[in-house]
Every structure is written in structure tokens, then in C-alpha cells.
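For reference, the structure is listed below as C-alpha cells.
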6 protein chains.
Amino acid sequence: MGWWGILNSVQDTPPGKAVRESISEYSELTLPNDSNSLGSLFGGKLMQYVDLAGSLAAARHARTAVVTVSVDSMTFLRPVAIGQLVILRSSVNRVFRTSMEVGVKVLVEDLRTGQQDHVSSAYLTFVALDQERRKIVLPPVIPETQEEIRRYGEAGDRRAYRLRQKEREKG
Amino acid sequence: MGWWGILNSVQDTPPGKAVRESISEYSELTLPNDSNSLGSLFGGKLMQYVDLAGSLAAARHARTAVVTVSVDSMTFLRPVAIGQLVILRSSVNRVFRTSMEVGVKVLVEDLRTGQQDHVSSAYLTFVALDQERRKIVLPPVIPETQEEIRRYGEAGDRRAYRLRQKEREKG
Amino acid sequence: MGWWGILNSVQDTPPGKAVRESISEYSELTLPNDSNSLGSLFGGKLMQYVDLAGSLAAARHARTAVVTVSVDSMTFLRPVAIGQLVILRSSVNRVFRTSMEVGVKVLVEDLRTGQQDHVSSAYLTFVALDQERRKIVLPPVIPETQEEIRRYGEAGDRRAYRLRQKEREKG
Amino acid sequence: MGWWGILNSVQDTPPGKAVRESISEYSELTLPNDSNSLGSLFGGKLMQYVDLAGSLAAARHARTAVVTVSVDSMTFLRPVAIGQLVILRSSVNRVFRTSMEVGVKVLVEDLRTGQQDHVSSAYLTFVALDQERRKIVLPPVIPETQEEIRRYGEAGDRRAYRLRQKEREKG
Amino acid sequence: MGWWGILNSVQDTPPGKAVRESISEYSELTLPNDSNSLGSLFGGKLMQYVDLAGSLAAARHARTAVVTVSVDSMTFLRPVAIGQLVILRSSVNRVFRTSMEVGVKVLVEDLRTGQQDHVSSAYLTFVALDQERRKIVLPPVIPETQEEIRRYGEAGDRRAYRLRQKEREKG
Amino acid sequence: MGWWGILNSVQDTPPGKAVRESISEYSELTLPNDSNSLGSLFGGKLMQYVDLAGSLAAARHARTAVVTVSVDSMTFLRPVAIGQLVILRSSVNRVFRTSMEVGVKVLVEDLRTGQQDHVSSAYLTFVALDQERRKIVLPPVIPETQEEIRRYGEAGDRRAYRLRQKEREKG
């Protein structure tokens with residue numbers, strides 16, 4: 001696979017780590033104070049959980065302080081009821097030298113029935129910083145499963161679009 | 001302008017409202033509990049503020065309950081220090097029949113010097129719901145200034161990209 | 001106007017700043033957790049917002065750290081419902097060498113109708129501190145509009161009453 | 001004592017209750033999130049505690065739902081450090097048919113030394129509401145100690161001033 | 001195994017469920033506001049997490065509303081630093097007709113190194129309630145691994161001690 | 001009484017302090033956000049209050065920083081409704097050289113009727129630390145009333161049980 005060779009040719013790149021080493025699960029029980037006027041969870045509260053879940057995967061890949069540089073996309077598929085358990089699964093999709101795309105999938109479990117529903121998906125970009133708050137070169141991430149390889153490819157497409165957008169805004 | 005005519009031809013579309021009727025300003029003082037391990041504001045906390053600020057503009061346009069359906073893009077340009085005042089300006093960029101894109105610009109004011117810096121920009125999509133939680137047809141938004149017209153156009157580009165993405169995921 | 005001359009004769013008084021330079025607007029969306037047993041906003045929560053809004057105006061006038069030294073009066077005109085937007089407008093009414101009276105007017109907007117109601121008015125006194133936590137001499141504030149001049153006068157009356165009260169408590 | 005006879009002549013006034021029946025003590029440990037930029041407790045947070053402490057005394061006198069109608073005065077005598085224990089003592093000073101003045105005294109205890117300092121005093125006015133949110137006629141409060149009688153008298157002075165202020169604002 | 005037969009002979013006991021069906025993992029990132037005067041996590045905050053983690057396992061076993069009836073033991077083995085990730089693993093150890101003992105093991109992960117330490121163990125008792133808030137008879141729990149069987153036995157010892165204690169307090 | 005002599009024979013033990021010097025009262029008004037799915041107070045929230053109340057008594061006895069080392073027992077006798085006042089009374093039951101057992105009794109007051117109910121009892125163990133976070137030898141506690149002497153004895157029984165449990169786990 002071409003991309004892997006290219007990453008390895010970069011002089012100071014640390015050795016790669018498997019996607020599975022960054023897989024994180026984070027959960028929160030939704031509380032009454034987080035309900036909007038319709039009685040379901042505020043979108044902004046779910047964003048806060050997603051950022052936290054994403055930062056866990058990023059920190060486990062980088063093993064240093066990480067900060068969010070962008071939310072590239074986040075969709076809300078259905079409302080979340082108060083009292084339900086929110087389960088967030090995150091992992092690093094792809095590393096771009098000093099930044100990494102993290103994917104977060106959000107499920108909701110109704111504790112009375114055990115039913116789990118997919119309520120949101122998000123893609124965020126993080127960078128890792130050293131003690132002087134300078135960006136560090138990240139170890140590349142190695143996708144191993146079919147699913148991880150698909151996400152790796154799509155992360156590249158999303159980045160290409162963002163770069164085109166930036167060009168247009170400047171030009 | 002083409003778009004305006006098209007919106008008017010829709011049978012049940014309510015009369016348009018100017019962008020300026022939705023302009024909102026929301027502010028928060030950052031607190032110690034919202035600091036990450038580097039001593040600056042958590043990205044997730046800023047997302048929560050952005051969602052709230054965006055929902056104010058959406059609610060002022062729709063004058064009914066609104067919910068977030070997606071964060072289409074949010075960039076973090078620089079860290080926010082604890083104790084600084086975060087100022088969020090939002091307005092409806094464009095309406096797509098039952099959904100609306102809201103833009104949020106985030107500034108930070110250092111209260112000791114009065115200096116304001118641009119720290120983040122975000123685009124979110126909201127829908128408005130009636131009592132039975134059904135989406136309602138929104139009044140179109142009328143851009144009046146050069147800036148508002150530019151944002152109106154760009155909102156269309158962003159939507160076109162999102163629709164292409166969805167197509168690809170299905171196909 | 002007499003007062004102006006007097007302030008200028010003080011040796012180390014910095015040059016005056018207009019009231020409008022301190023005008024601040026701060027807003028909060030009321031949340032379920034802030035409701036009292038009647039389902040409306042706790043008075044204490046509104047006090048917390050008022051203090052924060054007042055401190056913004058004080059900080060913008062002094063451009064240094066400010067602390068509250070007294071709440072001189074705060075009235076609650078009507079209950080605030082949960083889910084409504086609280087809008088707080090504040091500005092410095094008058095400076096008394098090292099202290100300043102700040103006025104805060106509180107409105108509530110029903111986001112579904114756009115109606116705004118006046119729910120509270122408050123007067124607070126702040127001082128500004130230097131690095132060693134010593135009070136600093138403040139720039140006088142210059143009222144420019146009829147309204148600002150009226151508030152300037154009333155601030156003097158309120159202070160005279162407080163001084164008389166203190167005398168009585170000692171005597 | 002004249003006032004007592006007058007209150008009794010009112011047809012529907014319930015029998016009086018002693019001040020001591022409303023005496024309340026409420027305490028809070030100050031937390032890192034409540035610190036201002038100087039590292040001490042936000043004035044607004046102390047206001048929130050004071051309102052809560054005052055409402056306990058008011059509720060114990062009225063034994064029905066109570067709401068704050070005004071903060072008549074609150075002074076901050078010294079800063080409160082984070083980690084210290086705030087102790088608030090409150091009682092009803094005087095009843096004015098449908099409203100009551102509550103006094104709150106705030107102490108701070110340094111848990112490492114046991115030293116307690118007086119950091120704030122406040123006077124608030126509460127009303128009590130029935131199920132339909134109408135003001136109810138309150139039982140008069142009976143001061144028994146020298147201290148309670150002094151506070152009873154001063155509450156009358158403060159009310160007289162507030163009524164004069166209102167007159168002036170109208171006239 | 002004797003206990004199993006006994007549980008089955010109870011007329012209205014629902015069929016048993018394996019321990020593994022109740023295994024839950026819950027995590028929290030410790031925040032600045034949760035630090036005590038020594039800069040580490042408040043014991044009370046960890047208790048709150050433990051109760052929540054325990055209730056997840058109890059709810060997954062009972063699939064109805066559950067409430068805590070006792071904390072039977074909780075030990076704190078070492079302080080938790082702010083900024084660390086707390087990971088809580090819980091499962092039902094044993095069912096006593098209408099109550100169940102849940103065990104919670106608390107680990108802390110240092111996100112910069114990946115090291116995990118065991119910081120606390122706790123045993124709590126929960127009951128499950130029906131719509132009218134009456135206790136329901138629970139399905140017995142079936143331990144399958146050596147570890148689960150050991151915990152099952154110890155849960156019985158702890159309960160025997162608690163019953164003896166109660167006897168002594170009465171007698 | 002034997003135990004007293006023994007404590008005094010320890011070389012570096014500071015002079016004893018009466019139980020009454022550690023007696024603390026702490027109260028909290030339960031808020032909507034702390035309600036579980038049945039509309040009553042989360043067990044974990046009550047645990048947090050109990051730990052705080054216990055630490056006040058421990059700090060008043062030790063007059064240095066204290067940390068929780070175990071919750072030895074906590075029972076929930078009845079649910080607590082939102083809006084009720086929780087009152088927590090704590091004192092040091094017994095000192096074991098470097099650790100101390102604190103008892104916490106939890107009452108709930110219905111502010112509309114004044115009725116108080118006993119809702120929980122808890123026993124926790126705390127240690128006191130010096131600046132270098134080393135355990136310090138505590139002053140013994142001197143029980144003076146019949147009740148305090150009874151609690152002193154029971155604290156010894158509870159400790160004996162815990163030591164036996166530890167032995168068994170090792171052996």
C-alpha cells in the first residue's frame with residue numbers, strides 16, 4: 001500500500017502504531033440539566049462529550065497533550081432522551097504528519113431495555129503538543145481491519161476537500 | 001437574484017426575514033473548571049457555547065423550538081485562556097426550506113487590555129420543530145449586506161458538498 | 001458641572017472615560033437546574049449573573065482586576081421561566097475616586113415570540129485592584145446622554161444614604 | 001410595643017412566631033471553579049449562597065414556597081479564599097404583612113486553624129406564595145432578644161428609605 | 001452447587017442471567033473543580049462515580065429502575081490526580097432475591113504514559129423497583145469464571161456480617 | 001477505661017480533644033439536576049455530601065488536611081425528594097493513632113412542613129496529612145456523653161471486623 005511507504009520515508013517520523021491502540025470508549029449518563037426546551041439532550045452537550053471522547057483516542061495515540069483544531073463534521077441522527085446512557089467510541093482514522101483525524105461514533109442505550117441506537121457520528125482533527133506547546137510529528141497510524149482501511153481512505157478525501165476550501169477562501 | 005424567486009414559488013413558504021433579525025450575541029466568562037491539561041479552555045466547552053449561540057440565531061429566525069442537526073465545520077484558531085471573555089456572534093446564513101445554516105464567529109476579549117482576537121469560526125445546521133416535533137417550512141432569509149450575500153453563496157457550496165458526500169456514502 | 005472639576009483637581013486621577021466605553025451586554029440561557037420549587041429561576045442564580053454582568057462593565061472601565069464590594073440594591077420585578085434568555089446590560093454610573101457604582105438592567109426574552117420584559121434592576125459597587133491587591137484610583141466616568149447624567153446624579157444620592165447609614169451604625 | 005398591637009388588629013393575620021423558629025445555618029465549601037482572576041471567591045457565588053441561606057429562614061417562617069423580591073443591601077468585607085468553609089446564618093428580622101426582611105450573616109472558617117471571620121452581611125426581602133402564586137399574609141415575627149429587637153427596628157428604617165426612594169422615582 | 005438449586009426452587013424467580021451480561025465500564029476525566037486542598041480528587045467525587053458505575057451494572061441485570069440501598073465498603077488505595085482518566089468496571093456479584101451486591105473496581109490511567117493503577121474497590125447493594133416503586137424479585141446471577149465464583153462466595157460472607165450487625169444493633 | 005490509658009502511653013500522641021469539638025453540621029438543598037430516573041436524589045450525590053460532611057468533622061479534629069481512606073458503611077433508609085433540605089451531622093467517633101472513624105447522620109427537612117426524617121447513616125475513615133503528605137499521629141478523641149461512649153465502642157468493633165477481613169483476603 002502506497003501511503004504506508006510514503007510515511008516511512010519521512011526522516012523523523014516515529015514508528016507507526018495500530019489503530020486498535022487508540023480505540024477508546026467513554027460514556028455519560030444524561031442529566032436533567034442538559035435538556036433543551038423539548039426535553040431531550042442539548043446538541044452542545046453531546047458535542048462536549050464527543051470532543052472528550054475524541055481527545056482520549058488522540059491522547060492514546062500520541063501519549064502527550066492533545067488539542068482540538070477542528071470539528072470537520074458531526075451529524076445528529078436522532079434526539080437523545082434524558083436518563084439514557086450515551087456511549088462514545090473513538091479511534092484515530094489517519095495521521096497527517098502533525099495532525100490526526102479521529103472518528104467518534106455515538107450510541108445511546110436505553111437501560112430499561114438494553115436497546116442501543118446510533119445517534120451521531122463525528123470527525124475531528126487533533127494535534128499533539130510538546131512542553132513548549134509546539135506541534136510534534138506524530139507516529140503514523142496503521143489500519144489493520146477492512147473497516148479501518150476504509151476510514152483511512154475517507155479521511156484523506158475529507159482532508160483534500162478542506163484544503164481546496166482553504167485555497168478558495170484565500171484566492 | 002435567482003434563489004429568491006425560487007423560494008417564493010414554494011406554496012407554503014412564509015414571507016422572508018432579513019438576516020439582521022437573527023443576529024445574536026452571546027458571551028461567557030471562561031472558568032477554572034473548563035481548563036484542559038495545558039491550562040486553556042477545553043475545545044468541547046467552546047463547542048457547547050457555539051451550539052448555544054447558534055441556536056439563539058436559529059430561534060430568532062424561526063421563533064419556535066430549534067434543534068441542531070449537524071456541525072458542518074468548526075475551526076479553532078488559537079487557545080483561549082481561563083478568565084477571558086468569550087464573545088460569540090451568530091446569524092442565519094441561508095435557509096434550505098426546512099433547514100438553515102447558521103454561522104458563528106467567536107472572539108475573545110482580554111478584559112485587562114480590551115484586545116479582542118478571533119479564535120474560532122463555525123457553521124451549523126438547525127431545523128425548527130412544531131409541537132408534534134415535525135420539521136416546519138422556514139421563512140427564507142434575506143441577505144442585505146455584501147457580507148451577508150457572500151455568506152449566502154458559500155452556504156450553498158457547503159450544502160452541495162455535503163449532498164455529494166452523502167451520495168458517495170450510499171453508492 | 002461641579003463634580004467634574006473636583007475630580008480633575010485630584011492630583012493622580014487618570015483622565016476620564018465615557019460611560020459608553022464600559023457598556024456591556026451579557027446573556028445566559030436559563031437551565032432546568034436553576035429552577036426553584038415553583039419552576040422559575042432561583043433569585044440567587046440571577047444575582048450571580050448580575051454580579052458577572054456588573055463586573056464586565058467595571059473591568060472595561062478600569063482595565064484591571066475588579067472585585068464587588070457591595071450590592072446596594074437589586075429588585076426582582078417578575079419571575080423568570082426556565083428556557084428563557086436572560087439579557088443583562090451594564091455600565092458604570094459614577095466613580096467615587098477608588099470605587100464605582102455599576103447599574104445592571106435585566107431583560108428576559110421569550111425566544112418563541114421575541115417579547116422582551118424588564119425583570120430586574122441592580123446597583124453594585126466595585127473597586128479595582130493592582131497586582132498587590134491595593135485599591136487603585138479610578139479614571140472618572142463621563143456621562144454623555146441625558147439618561148447617563150440622571151444615573152450619575154442618583155448614584156450620588158445612593159452613596160450619601162449609605163454613608164449616613166454607616167454613621168448611624170457607628171454612633 | 002405598638003407594632004404588635006397593630007399587627008394583631010389585622011383580621012386575617014395568623015398568630016406570630018418567634019424569630020428563633022426561623023434561624024437557619026447553611027454552609028458551603030468553596031471550590032476551585034468559583035474563583036475569580038485573583039484566586040478568591042466570586043462575589044456572585046457568595047450572593048447565590050446568601051440568597052439560598054435567606055430563603056431557608058423565610059421558608060421556616062412561612063412554611064410555604066418563598067421567592068426573593070429584593071436584595072436591599074449586601075456588603076463584602078474581605079475576600080474569601082478557595083478551600084475555606086463559608087457559614088451563613090439567617091433569620092427573619094421583621095414581617096411587613098406580605099413581605100419579610102431576612103438578615104444573613106456570613107462567616108468564613110479556616111479549617112486548618114479554626115479561625116472564623118465575618119466576611120459579609122446582607123438584608124433581603126422575601127414574599128411567600130400560595131399554590132396559585134398569590135402573595136399570602138404572613139404570621140408576624142416576634143423578636144425576643146435585645147439583638148432581635150434592634151434588628152426589628154432597623155428593618156423598619158430600611159423599609160422607610162426604600163419607600164421614599166420609590167416615591168422619588170415616580171414623582 | 002447448592003445455592004443455585006435453592007434459587008431455582010423459589011416460585012416466582014425469573015430465570016438467571018450470567019454475570020457477564022451486567023459487566024459495565026464507565027469513565028470520567030477528572031476536572032479542576034473536583035480537586036481537594038491537596039490538589040487531588042475529592043473522595044466524595046469518586047464515590048459519586050462509583051455509585052453511577054454500580055447502578056449501570058445493576059440496571060443491566062435488572063432492566064428496570066434501580067436504587068442504591070447501601071455502600072457496604074469502599075477503600076481508597078491512592079490519590080487520583082486531576083487530569084487523569086478514571087475507569088470504573090462494575091458487575092453484579094450476587095443476587096439475594098430482591099437485592100443485589102455490585103462490585104466496582106476503579107482504575108486510573110495516566111494518558112501521557114498509558115499506565116493504569118488500581119485506586120479503589122467498592123461493594124454496593126442495589127434494589128430494583130417497579131412502576132409503583134415496589135421492590136421486585138430479581139433474576140439470580142450466574143457466575144461463570146473462577147473469579148466470578150469467588151466474588152459470589154465473598155458476597156455471601158459480607159451479607160452475613162451485615163445481618164449479624166443489624167441483629168446486634170437491635171438486641 | 002482501658003483504652004484511654006493505652007493511647008496516653010504512646011510517646012508522641014498529642015493531648016486528646018473532646019468529640020464535641022469536631023461536631024459539624026452541613027446542609028444542601030437538593031437540585032433538579034441531582035434527580036435519578038425516579039425523580040429522587042441520586043445515591044451518589046448523597047455520598048458526595050456525606051464525604052464532605054465527614055471531612056469537616058475530621059478537619060476540625062485534626063486541624064490539617066484530611067483525606068478519606070474508606071467508606072466502611074453507608075445505608076439509605078428512604079428516598080430524598082428534590083427541593084428538600086438535606087442536613088448532615090458529623091463527628092469523630094474514635095481515633096486509631098493515624099486514622100479516625102467519623103460518623104455522619106443524614107436528615108431531610110421538608111421546608112413546607114418542618115418535618116425532619118432520618119434518611120441515611122454512614123461511617124467513614126479519614127487520615128490527616130502533613131505538608132509532605134505523610135500521615136500524622138492524631139490527638140485521641142474523648143467521648144463525654146453516653147451516646148459518644150457507645151459510638152466509641154462500636155467503632156472498635158467495626159475496625160476489628162475490617163482487620164479480620166483483610167487477614168482473610170491475604171491468607
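Numbers restart at 1 for each chain; the letters A, B, ... are given by sequence-line order, proteins then strands.
With respect to chain D, the highest number of heavy-atom pairs below 4.5 Å among C:Pro79, C:Gly44, C:Ser120, C:Gly43 belongs to C:Gly44. Ranked by non-hydrogen atom pairs under 4.5 Å with chain D, the options C:Val71, C:Thr68, C:Thr125, C:Val66 are led by C:Val71.
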Verdict with supporting geometry, D:Leu38 and C:Val67, side-chain contact (heavy atoms from CB on, under 4.5 Å): CA-CA 9 Å; D:Leu38 296 163; C:Val67 296; 3.6 Å; yes
side-chain contact (heavy atoms from CB on, under 4.5 Å) assessment of C:Ser40 paired with D:Arg133: CA-CA 11 Å; C:Ser40 49; D:Arg133 289 172 163 265; 3.9 Å; yes
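For a residue to count as touching a neighbouring chain, one of its non-hydrogen atoms must lie under 4.5 Å from one of that chain's; by this rule D:Leu77 does not touch chain C. Contact of D:Leu124 with chain C is made through the side chain alone, with heavy-atom distances under 4.5 Å. Neither the backbone nor the side chain of D:Arg162 comes within less than 4.5 Å of any heavy atom in chain C. Of the atoms belonging to C:Leu129, it is side-chain heavy atoms, and not backbone ones, that fall under 4.5 Å from chain D. Only the side chain of D:Asn36 comes within contact range of chain C, with at least one heavy atom under 4.5 Å from a heavy atom of that chain.
Between the CZ atom of C:Phe76 and the CG atom of D:Asp51 there is a distance of 6.0 Å, given to the nearest 0.5 Å. One distance of note links CG of C:Leu52 with CZ of D:Phe42; it measures 6.5 Å at 0.5 Å rounding. Rounded to the nearest 0.5 angstrom, D:Met47 CE and C:Gln48 CD are separated by 9.5 Å. Going from atom CG of D:Asp72 over to atom CG of C:Asp72 covers 11.5 Å, rounded to the nearest 0.5 Å.
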